[in-house]
Amino acid sequence: MVRVRFAPSPTGHLHIGAARTAIYNWLFARHHGGSFILRIEDTDFERSSEEMTEGILAGLKWLGLDWDDKPVFQSQRIKLYQEKAAELVKKRAAYYCSEGRSKAVRFKVPDEDVFYKDLIHGPITVKSKNIEDFVLLRSNGLPTYHLSVVVDDIDLGITHIIRGDDHISNTPKQILLYRALGVSPPEFAHQSLIFGPDKKKLSKRHGVTSVLQFREMGILPLALFNYLAQMSWDPGKERIYSRGEIIEKFYLDKRSQGSPVFDISKLEWINGRLISDKSAEELFPLVKAVLQEKGLWQQALETEKRPWFLKLIGLLKERSRKIEDFSDRALPFISDDFPYESKAVKKHLKDERLGELLARLYDDFSVLESFKALPLEKALRSRAEKEGIKPALMIHAARVLVLGTRVSPGIFDVLEVMGKEKTLERLAAFDSVSKSSKQ
RNA sequence: GCUCCUGUCGUCUAGCCUGGCCCAGGACACCGCCCUUUCACGGCGGCGACACGGGUUCAAAUCCCGUCGGGAGCGCCA
């Protein structure tokens with residue numbers, strides 16, 4: 001029976017490196033039908049906080065991870081560690097050492113080399129003479145990491161320890177502790193660390209690293225999940241999978257051992273694909289949240305204008321890579337207070353014929369019975385033909401006048417969603433818009 | 001300094017265990033073309049890597065040795 005754990009210390013936010021470790025443990029447990037245990041390593045009272053614990057749990061949930069049993073808090077198990085330390089002293093595997101007035105318990109490293117077979121790295125051997133006697137119990141009676149980890153992993157019946165490479169050199173110490181406690185050690189698998197572009201361990205100075213920050217940016221949980229799961233590992237031909245598919249394909253060995261560099265453009269690519277695949281209905285609450293945050297939300301979008309708003313989301317989702325992207329792009333549709341890109345105005349509104357052409361187009365549009373993409377397109381193209389000009393001239397001008405941008409979804413779909421009233425109003429604003437940029 | 005881990009396109013990786021199908025495959029990014037009203041999508045194409053040096057072998061990205069590079073750990077932090 002496979003039993004693994006994720007053991008964060010609540011001294012900071014859920015970092016994507018830690019999240020990746022959590023994902024691997026979870027995947028391993030689910031693949032083998034085992035258990036995934038959460039253990040909060042909060043024995044460093046100075047730096048730990050309940051708030052951080054909440055944030056970490058929220059991050060895990062958001063990623064779609066669930067855990068078995070209740071989370072275990074090390075702060076509530078101090079007595080157990082102290083007992084085990086005493087037991088080791090009794091067995092003469094550990095001893096009291098005093099430096100100054102304080103008295104701590106140190107492990108007596110025996111004169112035997114440590115060998116173990118890492119599931120990812122293969123055989124690793126360390127000579128015991130390279131390991132110093134390390135502290136088990138601090139002079140204040142609190143356990144150190146090595147003691148609490150080993151005692152808990154034994155107590156919780158952990159079968160596989162999957163964690164970051166930064167723990168490789170801790171492992172021999174812990175194996176020695178298992179031996180001293182008379183328990184055979186579990187399997188170990190050490191996963192490479194995520195690096196920044198400078199090939200150093202990823203940290204805050206590299207930019208966004210907290211899982212919750214990605215959520216705020218408008219990254220979908222499944223996108224981050226896929227991206228993180230596919231570091232050091234290649235599940236196959238498709239580039240994006242459901243959680244269930246990844247569980248099915250997951251394996252630990254035979255994976256890349258080098259440290260991967262975090263590349264946000266790939267994450268965003270996955271995210272964009274996932275956004276396109278979602279329905280407007282699914283996207284609705286996410287877009288709402290972003291608009292609310294930017295102070296652009298209108299209650300009507302949820303009530304009488306909801307069907308219209310869903311159409312808008314459907315129009316915009318194909319080319320959005322982050323949920324954030326929706327706010328700028330939706331702006332001209334839900335408000336009259338939007339910017340005109342000066343480059344766009346200069347490029348597409350400078351033709352002198354435009355004033356007259358747009359006036360005629362205005363008339364063509366205003367007599368349309370149905371303000372839908374197809375008739376709109378027909379009207380514009382036949383106008384262009386009559387005038388002997390390329391349709392593109394009016395198309396580009398219309399885009400700039402209606403949206404203020406050079407880039408958008410197909411213009412006729414845009415106009416349809418924009419509606420007759422606003423479209424005509426904005427086409428009529430040609431003079432003032434084109435003039436304003438000349439100053 | 002000591003110990004351990006690690007090194008395939010700019011980036012993520014496949015291949016390495018079980019040498020030949022690899023003058024190295026895919027994806028992201030980038031560039032070009034097609035589609036086209038713009039962008040995105042899609043299609044097609046391009047750029048681009050086995051860190052280096054020896055050895056073993058008919059044959060090495062794959063096995064062996066060495067060199068160099070990168071990282072992490074060495075706390076009464078976790």
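- Using a 4.0 Å heavy-atom criterion, one finds that A/Gly164 contacts no nucleic acid atom at all.
- Residue A/Arg273 is the one, among A/Glu41 and A/Arg273, whose nearest nucleotide of RNA chain B lies closer to the 5' end (criterion: closest heavy atom).
- Protein atom CZ of A/Arg406 is 19 Å distant from nucleotide atom P of B/U37, rounded to whole Å.
- Note: A/His206 and A/Phe262 fail the aromatic proximity criterion, with ring centroids not under 6.0 Å apart.
- Phosphate proximity of B/U6 to A/His121: present, with a side-chain N or O under 4.0 Å from OP1 or OP2.
- Taking the side chain of A/Ala392 as heavy atoms from C-beta on, and the options B/U6, B/U37, B/A78, the nearest nucleotide is B/U37.
- At least one side-chain nitrogen or oxygen of A/Arg106 sits closer than 4.0 Å to the OP1 or OP2 atom of B/C76.
- Geometric assessment of A/Arg426 against the ring of A/Phe338 yields a negative cation-pi assignment under the 6.0 Å and 45° thresholds.
- For the pair A/Lys103 and A/Tyr96, the cation sits on the ring face: its NZ or CZ lies under 6.0 Å from the ring centre, inside 45° of the axis.
- Across all strands shown, B/U62 remains unpaired; no Watson-Crick or G-U wobble contact has both distances below 3.5 Å.
- Nucleic acid contact for A/His190: none, since no nucleic acid atom lies under 4.0 Å from a heavy atom of the residue.
- Nucleotide B/A14 is matched to nothing when pairs are restricted to Watson-Crick or G-U wobble geometry with both distances under 3.5 angstrom.
- Atom CD in A/Glu385 sits about 14 Å away from atom P in B/U37, given to the nearest Å.
- Pairing partner, B/C30: B/G46, with both Watson-Crick or wobble hydrogen-bond distances short of 3.5 Å.
- Taking atom CG of residue A/Asp165 and atom C1' of nucleotide B/U6, one finds them 8 Å apart after rounding to whole Å.
- Base-pair partner of B/C68: B/G7 (Watson-Crick or G-U wobble, both distances under 3.5 Å).
- What separates NZ of A/Lys201 from P of B/G70 is a distance of 18 Å, to the nearest Å.
- A 3.5 Å limit on both hydrogen-bonding distances identifies no Watson-Crick or G-U partner for B/U57.
- The phosphate of B/A78 has OP1 or OP2 within less than 4.0 Å of a side-chain N or O from A/Thr43.
- When all heavy atoms of A/Pro339 and A/Leu331 are compared, the closest pair comes out as CD-CD2, 4.0 Å.
- Of all nucleotides listed (B/G73, B/U38, B/U13), B/U13 comes nearest to the side chain of A/Ser256.
- OP1 or OP2 of B/A29 has at least one side-chain nitrogen or oxygen of A/Arg321 nearer than 4.0 Å.
- For the 3.5 Å distance criterion, the side chains of A/Gln230 and A/Asn226 qualify, holding a donor opposite an acceptor.
- Residue A/Gln230 places none of its side-chain N or O atoms closer than 4.0 Å to OP1 or OP2 of B/C12.
- The two residues A/Leu88 and A/Ala180 have their closest heavy-atom pair at CD2-CB, 3.7 Å.
- Of the candidate nucleotides B/U13, B/A27, B/A78, B/A27 has the atom lying nearest to any side-chain atom of A/Arg239.
- To the nearest angstrom, P of B/G75 lies 17 Å from CG of A/Leu147.
- Closest to the side chain of A/Arg319, from the set B/C39, B/U37, B/G75, is B/C39.
- Regarding A/Lys200, its NZ atom lies at a distance of 19 Å from the P atom of B/G7, rounded to whole Å.
- Rounded to whole angstrom, the span from the CZ atom of A/Phe195 across to the P atom of B/U11 amounts to 13 Å.
- Within the 4.0 angstrom heavy-atom criterion, no nucleotide atom of any strand lies near A/Pro391.
- Taking 3.5 Å as the limit, the base of B/C76 and the side chain of A/Thr144 contain no donor-acceptor pair of atoms between them.
- Within the 4.0 Å cut-off from OP1 or OP2 of B/A29, not a single side-chain nitrogen or oxygen of A/Lys266 is found.
- Among the nucleotides B/G7, B/U38, B/U37, the one closest to the side chain of A/Val407 is B/U38.
- Positionally, the nearest nucleotide of RNA chain B for A/Ile168 lies more toward the 5' end than for the other of A/Leu267 and A/Ile168.
- With salt bridges taken as basic N to acidic carboxylate O contacts below 4.0 Å, none links A/Glu87 and A/Lys90.
- Remark: P of B/A78 and CD1 of A/Ile78 are 10 Å apart, rounded to the nearest angstrom.
- Using N1 to N3 plus N6-O4 or O6-N4 for Watson-Crick, or N1-O2 and O6-N3 for G-U wobble, each under 3.5 Å, B/G73 pairs with B/C2.
- Contact annotation: A/Thr405 side-chain N/O to B/U38 OP1/OP2 distance is not under 4.0 Å.
- Looking at heavy-atom distances under 4.0 Å, A/Leu142 makes no contact with the nucleic acid at all.
- Of all nucleotides listed (B/G26, B/U38, B/A29), B/A29 comes nearest to the side chain of A/Ser265.
- Distances shown here put a side-chain N or O of A/Arg138 below 4.0 Å from the OP1 or OP2 atom of B/A78.
- Of all nucleotides present, none satisfies the Watson-Crick or G-U wobble test against B/C39 with each distance under 3.5 Å.
- A/Lys199 has a side-chain polar atom (N or O) that falls below the 4.0 Å cut-off from OP1 or OP2 of B/U11.
- The shortest heavy-atom contact between A/Val114 and A/Leu176 is CG2-CD1, 3.5 Å.
- Looking at the side chain of A/Ile124, the nearest of the listed nucleotides B/A78, B/C4, B/U13 is B/C4.
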